Structures are given as structure tokens and as C-alpha cells.
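Working notes, structure below.
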Amino acid sequence: MTETPTPLPPTVVKLGGSCLADLAGGWWDDLAEHGRERPLVLVHGWSKPLKQLSPRYSEPSAILRDRYGNQSRWTTPEVIEDIKTVSAELGREVLGRLEQRGIAAERLLGSDGLVSAGEGERWWWKDKQLVELENLVGPITGVDPAPLTKLEPGRAYLVTPLARNAAGQEVNTDADRAAAAIAGATGATDLILVTDVAHLLIDGEPVREITAEAAAEFRDKGATGGMRKKLRAAGEALDRGVERVVIGSAPVTDLLAARTGTVITRT
Ligand SMILES: Nc1ncnc2c1ncn2[C@@H]1O[C@H](COP(=O)(O)OP(=O)(O)O)[C@@H](O)[C@H]1O
Ligand SMILES: CC(=O)N[C@@H](CCC(=O)OP(=O)(O)O)C(=O)O
């Protein structure tokens, strides 16, 4: 009797928009080496590429805050189009780099059946005022891994984390939290959040290891901006069964082995 092999869970790597343009050749060699052993799901951000597309994405009004202090991009249909434009360009580059190194890579929009979103917030802090506005951003309500049909060593997916809401609209989501939801839904043991800082800093000191509980405490009391989103994503990933979340910057071989960066675990 022939046995069906148990599918290998993927490694999920979130590529921060802050650093994507600067990732040098060695980075891709390391990632491809890992990709020959394990299926890869890469989830990318776009904060810096959008700023490079237009100066309006550097204006303070481009980013809103909800009543709890969480940041979110002010997203209109035009912004969704710009996200798709920069993501298509990023996709060509990332897929090219992986394919040169022998990894068959495919690009997916989260909104094409992978990520669903719920009703978004209506009240937002914009230009220091709390205003009611329609923001095309939704909280992630589910991930259907069915479009990830080829989770095999030697293959990678690059996911653009847009989502689809119940009304069928395409909405923006937070890329770190989307990566966490995808890691949970695919049974990934590791979620790697690659960014432009080597560690989480607490009181100016780099943190090597931290529990989910301590990370959540820092998130609620002292974390700001992009790191606040990452800590929120890390907590959600661990709640969904991921064993460890690593936040840091290249070299990626060390990040993937948790030899560098900040490692967050349940206990
Ligand atoms: N406590 C902290 N430790 C480290 N980085 C922090 C902290 N608080 C805020 N940050 C900021 O978070 C940024 C990373 O988040 P973000 O800009 O969203 O990156 P990415 O585009 O990679 O997701 C860092 O560049 C740093 O400026
Ligand atoms: C809702 C919301 O704000 N979404 C984020 C998603 C991209 C992202 O998170 O990009 P980084 O990885 O570069 O931070 C945004 O549009 O900026």
C-alpha cells in the first residue's frame, strides 16, 4: 500500500515594505536555500514602495488611528489601485529573484479567495480630529488556504495581503496580521517578520526572547507604530497555533533558525 505523504507545513515570512527594496543578494540565497527544504509563503507589505510612488503617501493624513491607537492607512479605491500597482512590480522582482535560485514562485492576491475581512471601523483620528469616514480596511475574519494548492519544498507563494469583505469589496488589511492569520490557517510552526530593525527594543535594549504575555504587556503600555502592529500579529499567530514568531532583519538564515532577532513564544 502506498502512503500519501503528510504535507509539510510552510514557513511564513512577512517581508516588510520598509526593507524590501534594500534586501541584497545574499538574503535571497538564504531564503531559497530554506525554500528547497520547506514550502514558503511570503507575505509582503508596501509602506515604503507607496511612498516612493507618490509624496502624498508621506503626508501625515495618509495614516489614520483608531480609538485604541492602532494605525491604519486611509484607504480609498484609488489607494487600492496604487497598492496593486506597487505590489505587481514587487511581485515581478521577488518572483524573479526566487526563480533565478530554482524556487518556483507564484503570486496571489489575498482578495482572490484567500483572506476575508469583516466590517471596518467608521470612526478615525485624522489630522488630530475624530471623524466618521469610510475606510476600505477590514479586520481579517478568516483565511481559506485552498488557493495555496502547491505547498511543497521548492515552491513559494508571494501573497499581497488585500482581503475581500462580505459585500464583495476589496479592502486593505494589516500585512503583519494577515501573515499571522495565514500562518495559523496553514499550520505553520514559524512566522518570521522581517523588518528594518534587528530586534524589538524595550527601554532602548534589544530583546532576544520574550513570552507572548510580556510582549502583549509592552504592546499595550509602550509599543508604537509598526512595532505595535507586529506584537499584535505575534500574539494572534501564537493563539492560532504557531510555535514561535521571530522579528528582526537579515541575515535570514539566522532569523529562520531564531539565532538572531526577537523570538516570541507562548511560554
Ligand atoms: N520598541 C520598538 N522596537 C523596535 N522598533 C520599533 C519600536 N517601536 C517602534 N518601532 C519602529 O517599528 C518599525 C518597524 O515597523 P514598520 O515600519 O511597520 O516596518 P515594516 O514595513 O517592516 O513592517 C521600526 O523601523 C521602528 O522604527
Ligand atoms: C490597513 C493598513 O494600514 N495596511 C497596511 C498594509 C501594508 C503594510 O503593513 O506594509 P508594511 O509591511 O510596509 O508595514 C498599509 O496599507 O500600509
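Worth saying up front: this structure is predicted, and the values here are computed from it rather than measured. First listed ligand is number 1; within each ligand, the first listed atom is number 1.
- Within ligand 2, counting atoms from 1 as listed, the ones closer than 4.0 Å to a heavy atom of S72 are 1 (C), 3 (O).
- For T160 and R107, the side-chain atoms include at least one donor-acceptor pair closer than 3.5 Å.
- Counting protein heavy atoms only, atom 8 (C) of ligand 2 is closest to A175 CB, 3.6 Å.
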What short N/O contacts, under 3.5 Å, does ligand 1 make with the protein, listed by atom pair and distance?
{"from": "ligand 1", "atom 1": "1 (N)", "to": "L201", "atom 2": "O", "distance (Å)": "2.8"}
{"from": "ligand 1", "atom 1": "3 (N)", "to": "L201", "atom 2": "N", "distance (Å)": "2.9"}
{"from": "ligand 1", "atom 1": "19 (O)", "to": "T195", "atom 2": "OG1", "distance (Å)": "3.2"}
{"from": "ligand 1", "atom 1": "21 (O)", "to": "G17", "atom 2": "N", "distance (Å)": "3.4"}
{"from": "ligand 1", "atom 1": "21 (O)", "to": "S18", "atom 2": "N", "distance (Å)": "3.0"}
{"from": "ligand 1", "atom 1": "21 (O)", "to": "S18", "atom 2": "OG", "distance (Å)": "3.3"}
{"from": "ligand 1", "atom 1": "22 (O)", "to": "S18", "atom 2": "OG", "distance (Å)": "2.6"}
{"from": "ligand 1", "atom 1": "22 (O)", "to": "T195", "atom 2": "OG1", "distance (Å)": "2.7"}
{"from": "ligand 1", "atom 1": "23 (O)", "to": "K14", "atom 2": "NZ", "distance (Å)": "3.0"}
{"from": "ligand 1", "atom 1": "23 (O)", "to": "K230", "atom 2": "NZ", "distance (Å)": "2.6"}
{"from": "ligand 1", "atom 1": "25 (O)", "to": "D196", "atom 2": "OD1", "distance (Å)": "2.7"}
{"from": "ligand 1", "atom 1": "25 (O)", "to": "D196", "atom 2": "OD2", "distance (Å)": "3.2"}

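- Side chain of N165 to main chain of A167: a donor-acceptor pair is present (N/O by atom type, distance under 3.5 Å, no hydrogens or angles).
- The option with the heavy atom closest to atom 2 (C) of ligand 2, from among I83, N172, L193, L64, is N172.
- Residue K14 approaches ligand 2 through these ligand atoms, each under 4.0 Å from one of its heavy atoms: 11 (P), 12 (O).
- Within the 4.5 Å cutoff, side-chain heavy atoms of L42 are placed close to those of L31.
- Remark: ligand 2 atoms within the under-4.0 Å shell around heavy atoms of G17 are 11 (P), 12 (O), 13 (O).
- With sequence neighbours left out, the side chain to side chain donor-acceptor pair (under 3.5 Å) criterion links R164 to no other residue.
- The option with the heavy atom closest to atom 1 (C) of ligand 2, from among D82, N70, T173, is T173.
- Looking at K48 next to ligand 2, no N or O pair under 3.5 Å apart turns up.
- Listed by number with element, the atoms of ligand 2 under 4.0 angstrom from any heavy atom of S47 are 10 (O), 11 (P), 13 (O), 14 (O).
- Scanning for side chain to side chain donor-acceptor pair (under 3.5 Å) contacts around T173 gives an empty result, with sequence neighbours left out.
- Atom CD of Q129 sits in a sparse spot, with 12 or fewer heavy atoms from other residues, nucleotides or ligands closer than 6.0 Å.
- The side-chain heavy atoms of V263 and V245, taken from C-beta on, include no pair separated by under 4.5 Å.
- In this structure, CZ on R38 lies 5.0 Å from OG1 on T11, to the nearest 0.5 angstrom.
- R73 NH2, 3.0 Å is the protein heavy atom nearest to atom 17 (O) of ligand 2.
- In this model, a donor atom of one side chain and an acceptor atom of the other lie less than 3.5 Å apart for T76 and E78.
- Residues that satisfy the side chain to side chain donor-acceptor pair (under 3.5 Å) test with R228, not counting sequence neighbours, are N70.
- With a 4.5 Å cut-off on side-chain heavy atoms, K230 and K14 count as touching.
- Between D176 and ligand 2, a contact under 3.5 Å exists for no N or O pair.
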